[in-house]
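Note that these values count all heavy atoms, side chains included, but never hydrogens, waters or copies made by symmetry.
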Amino acid sequence: METTADWVQGVISLSWARVCKECGQQHDGLESHLYEYQDDVDDELVCHICLQPLIRPMDTPCGHTYCFHCLSNFLKEQDFCPVDRQRLQLHQCRPSSLLVRNLLDKLTVMCPHNTECQQQMQRCELQPHLHNRCPVFRRLREEAEKRKRPSWNELKGRKSDGESSGDAKHSASLSRNPTRDQPEPGLINPAYEESEDDNTPLRSSLVAEANVVELFREEPEEELGLRIVGGKDTPLGNIVIQEIVRDSLAARDGRLAPGDHILEVNDISLASVPHARAMAVLRLPSLLKLTVMQEKGFKTRDPHGNTTSNHNPGTVLQVTLMKSQRSEPLGIKLIRKSDESGVFILDLLSGGLAAKDGKLRNNDKVLAINGHDLRHGTPESAAQIIQGSEVRVNFVVMRPAETQEEGGSSRGRRPEPQYFRRRSTYMKDPPGGFSSQEKTVSLKKEPRLSLGITIAGGRDCRSRLPVYITSVQPVGCLHRDGTIKRGDVLLSINGVDLTQLTYSEAVSVLKAQTAQSQVVLRVIQTLSDDSEEDIESASKDDLDPLEELRDDTLNWTPLWTRWLGLPSHMHWCRDIVLQKTNNESWGFSIVGGYEESHGQQPFFIKTIVPGTPAHFDGRLKCGDEIVAVNGATTVGMNNSSLIPMLKLQKNKVTLTVVSWPGSLV
């Protein structure tokens with residue numbers, strides 16, 4: 001018989017799983033937030049569809065204002081304004097003025113858990129109140145954590161555990177054991193090898209979650225701040241986040257992370273679409289609902305069957321600081337680093353609360369504060385959480401493993417140069433479906449007449465790219481010739497090699513040579529088997545209406561797939577040394593190698609597992625191409641050749657990789 005305590009526990013767990021983490025009410029993820037307003041609201045601030053105060057107000061060209069969710073749902077079925085029935089599409093609408101949004105944010109609301117919490121506040125302050133001050137919300141979260149429900153990346157509108165198997169498209173992927181599943185063709189997983197050492201904790205399964213993340217562009221042309229790799233036209237297959245751009249929309253949201261696989265966008269499947277098509281879908285204006293598969297790392301068990309945490313090259317610590325009053329400062333200086341995402345402790349102020357406590361240290365990485373995930377956060381967001389907290393502030397930090405003296409073992413990253421690069425000497429073919437062709441243009445021109453091109457790249461940029469053309473201006477002589485296109489990589493001008501120059505060196509050479517009356521320009525163009533997969537020929541219905549204008553600016557950058565066709569002599573390599581102890585996993589999976597059906601394919605990094613040496617080192621990225629292991633080329637290898645090579649490296653391995661920047665969206 002079910003007891004009262006069991007019933008109460010079930011209600012608590014269900015409430016936390018279904019409660020919205022922004023408004024505190026229970027509603028479906030696609031519905032607008034619900035608030036308990038304490039005063040009458042002016043009719044000018046009310047949505048004409050739901051008849052409630054506006055949430056994310058959007059103005060139509062015909063002068064009406066609606067909630068974003070209300071309007072977008074309405075326009076899925078209709079193509080006119082609900083009030084005057086004028087023709088209307090969502091991309092024609094714009095967010096309301098800052099004045100209107102501020103008036104809405106200042107509306108007084110009551111905490112939805114008013115049976116125990118009778119606090120009133122401005123609407124914009126409700127979410128910080130729930131996460132930092134509301135006792136009911138805190139209790140629901142703590143009860144859920146006790147039952148081992150994930151507290152990080154908790155998503156708004158998450159479906160309950162009682163959903164049917166037909167509705168849960170990705171439920172089978174939430175926890176999988178790769179050693180028992182049939183791998184994809186060409187997929188090898190040195191990250192997932194089970195240990196044969198009885199003294200080493202066994203990895204029982206690789207844990208992953210399918211989560212839904214909503215991102216809202218305030219302006220249609222606003223970038224999400226994601227760098228994307230993969231696609232069905234590449235060996236990776238899936239669409240994968242390579243990097244989160246600092247201070248971007250995605251970085252401020254904080255729920256997405258490098259290595260996340262994007263499964264759907266606004267219910268459009270990206271499971272088997274080419275790279276350029278995926279980019280077109282991700283550039284849709286306004287609201288994007290991303291369904292992503294997020295790796296959480298290994299669940300491990302000791303020989304007695306007890307679950308243990310991931311082994312990693314650092315130490316995770318929990319530190320609680322108690323303030324004498326809410327306004328007391330902690331005395332912590334927080335910074336960001338250029339080579340690693342997240343928030344780090346720069347200094348503890350002498351005499352401050354943190355310094356007196358003595359448990360936090362300089363260079364600790366802040367993983368979470370009061371349950372808020374800050375692994376990809378900013379110092380500003382961390383400061384807001386601290387300022388909004390009560391007297392108790394809970395830190396979860398990672399302390400890097402200390403490097404031992406010579407003769408001892410060292411865990412974590414060595415103090416070697418992180419961005420050592422050199423010109424590649426490894427000769428190989430590009431992935432199947434990608435190639436390149438050289439083009440030469442010989443022009444006779446007036447000495448003062450410009451070629452009419454703009455360039456970017458250079459071997460001094462972050463990714464050590466060759467110099468490439470970002471635009472061909474209609475006023476120059478190259479535009480009239482028509483051979484040179486945007487995205488072409490410069491090889492030489494009048495016999496002067498441009499392939500290994502920095503940006504400023506290339507500019508100087510181009511200026512000097514174009515002053516002559518005869519110019520011979522050599523470039524290389526990368527090609528794909530299916531021209532329809534070029535982003536420039538994607539359906540205009542799917543693209544941002546401002547996309548063409550934005551592409552013509554100097555900020556245009558090539559897609560990730562454009563670099564795949566470059567010949568190997570134009571690649572620059574990077575050596576990454578990983579270290580580990582015992583028989584733990586290196587922490588990455590690979591696709592590629594020789595297959596009878598596809599021939600020779602390069603090896604690409606497909607997955608980096610949280611809590612492993614590759615993850616904590618931070619330099620290896622999804623989409624990186626492995627060209628050598630400990631100096632031995634991977635060209636000509638198949639899976640059965642590379643797996644033993646990686647397994648034989650017990651404590652240290654040197655990976656030589658080529659890394660191209662992911663497509664920016």
Does Leu498 form a side chain to side chain contact (heavy atoms under 4.5 Å, CB included) with Val467? I'd like the steps, not just the answer. CA-CA 7 Å; Leu498 300 172; Val467 178; 5.7 Å; no
Within the structure provided, determine whether [X] and [Y] are in side-chain contact (heavy-atom separation under 4.5 Å).
{"X": "Leu346", "Y": "Asn362", "value": "no"}
{"X": "Leu290", "Y": "Leu282", "value": "yes"}
{"X": "Phe588", "Y": "Leu655", "value": "yes"}
{"X": "His275", "Y": "Ile228", "value": "yes"}
{"X": "Leu236", "Y": "Trp560", "value": "yes"}
{"X": "Ile605", "Y": "Val657", "value": "no"}
{"X": "Arg459", "Y": "Pro466", "value": "yes"}
{"X": "Met570", "Y": "Val489", "value": "yes"}

Mind checking the [atom1]-[atom2] spacing from [X] to [Y]? Nearest 0.5 Å is all I need.
{"X": "Ile626", "Y": "Ile590", "atom1": "CD1", "atom2": "CD1", "answer": "4.0 Å"}
{"X": "Ile262", "Y": "Ser269", "atom1": "CD1", "atom2": "OG", "answer": "12.0 Å"}
{"X": "Ile241", "Y": "Gln294", "atom1": "CD1", "atom2": "CD", "answer": "8.0 Å"}
{"X": "Leu510", "Y": "Leu501", "atom1": "CG", "atom2": "CG", "answer": "9.0 Å"}
{"X": "Asp347", "Y": "Asn363", "atom1": "CG", "atom2": "CG", "answer": "12.0 Å"}
{"X": "His261", "Y": "Thr607", "atom1": "NE2", "atom2": "OG1", "answer": "4.0 Å"}

Enumerate the ring pair (Phe, Tyr, Trp, His ring centres under 6.0 Å) contacts for residues 627-665, please, sequence neighbours excluded, ordered by first and then second residue. Trp563-Trp660, His571-Trp660
Mind checking what makes side-chain contact (heavy atoms from CB on, under 4.5 Å) contact with [X], not counting sequence neighbours?
{"X": "Pro431", "answer": "Pro235, Phe434, Leu564, Gln601, Pro602, Phe604"}
{"X": "Ala382", "answer": "Leu334, Val343, Ile369, Leu374"}
{"X": "Glu243", "answer": "Arg227, Arg462, Lys621"}
{"X": "Val496", "answer": "Val509, Gln513"}

For [X] and [Y], which heavy atoms make the closest approach, and how far apart are they?
{"X": "Pro567", "Y": "Ile524", "answer": "CD-CD1, 3.5 Å"}
{"X": "Met637", "Y": "Phe603", "answer": "O-CZ, 3.8 Å"}
{"X": "Ala614", "Y": "Gly587", "answer": "CB-O, 3.8 Å"}
{"X": "Pro558", "Y": "Tyr468", "answer": "CD-CE1, 3.5 Å"}
{"X": "Gln242", "Y": "Gly662", "answer": "OE1-N, 2.7 Å"}
{"X": "Lys365", "Y": "Phe344", "answer": "CB-CE2, 3.6 Å"}

Do you see a donor-acceptor pair shorter than 3.5 Å between the side chains of Gln525 and Asp488? no
Ignoring hydrogens and angles, state whether a donor on the side chain of Ser492 or Asp497 is under 3.5 Å from an acceptor on the partner side chain. no
Tell me whether [X] contacts the main-chain N or O of [Y] through its side chain, where contact means a donor paired with an acceptor under 3.5 Å.
{"X": "Ser248", "Y": "Ala251", "answer": "yes"}
{"X": "Thr499", "Y": "Leu491", "answer": "no"}
{"X": "Asn630", "Y": "Thr654", "answer": "yes"}
{"X": "Thr526", "Y": "Arg562", "answer": "yes"}
{"X": "Thr470", "Y": "Thr454", "answer": "yes"}

Could you list the residues that satisfy side-chain hydrogen bond (donor to acceptor under 3.5 Å, both in side chains) with [X], not counting sequence neighbours?
{"X": "Thr234", "value": "none"}
{"X": "Ser381", "value": "Thr378"}
{"X": "Glu625", "value": "Lys428"}
{"X": "Asp253", "value": "Arg255"}

Qualifying residues under salt bridge (Lys or Arg N to Asp or Glu O under 4.0 Å), relative to [X], sequence neighbours excluded:
{"X": "Glu438", "value": "Arg522"}
{"X": "Lys485", "value": "none"}
{"X": "Asp460", "value": "none"}

Going through the checks in order, is the side chain to side chain contact (heavy atoms under 4.5 Å, CB included) test met by Leu317 and Phe395? CA-CA 8 Å; Leu317 304 172; Phe395 285 82; over 6 Å; no
Lys359 NZ: over 12 foreign heavy atoms closer than 6.0 Å: no
Does CD in Glu380 sit with more than 12 non-hydrogen atoms of other residues, nucleotides or ligands closer than 6.0 Å? yes
Thr561 and Ser528: CA distance, side-chain angles, deciding distance, side chain to side chain contact (heavy atoms under 4.5 Å, CB included) verdict: CA-CA 9 Å; Thr561 47; Ser528 174; over 6 Å; no
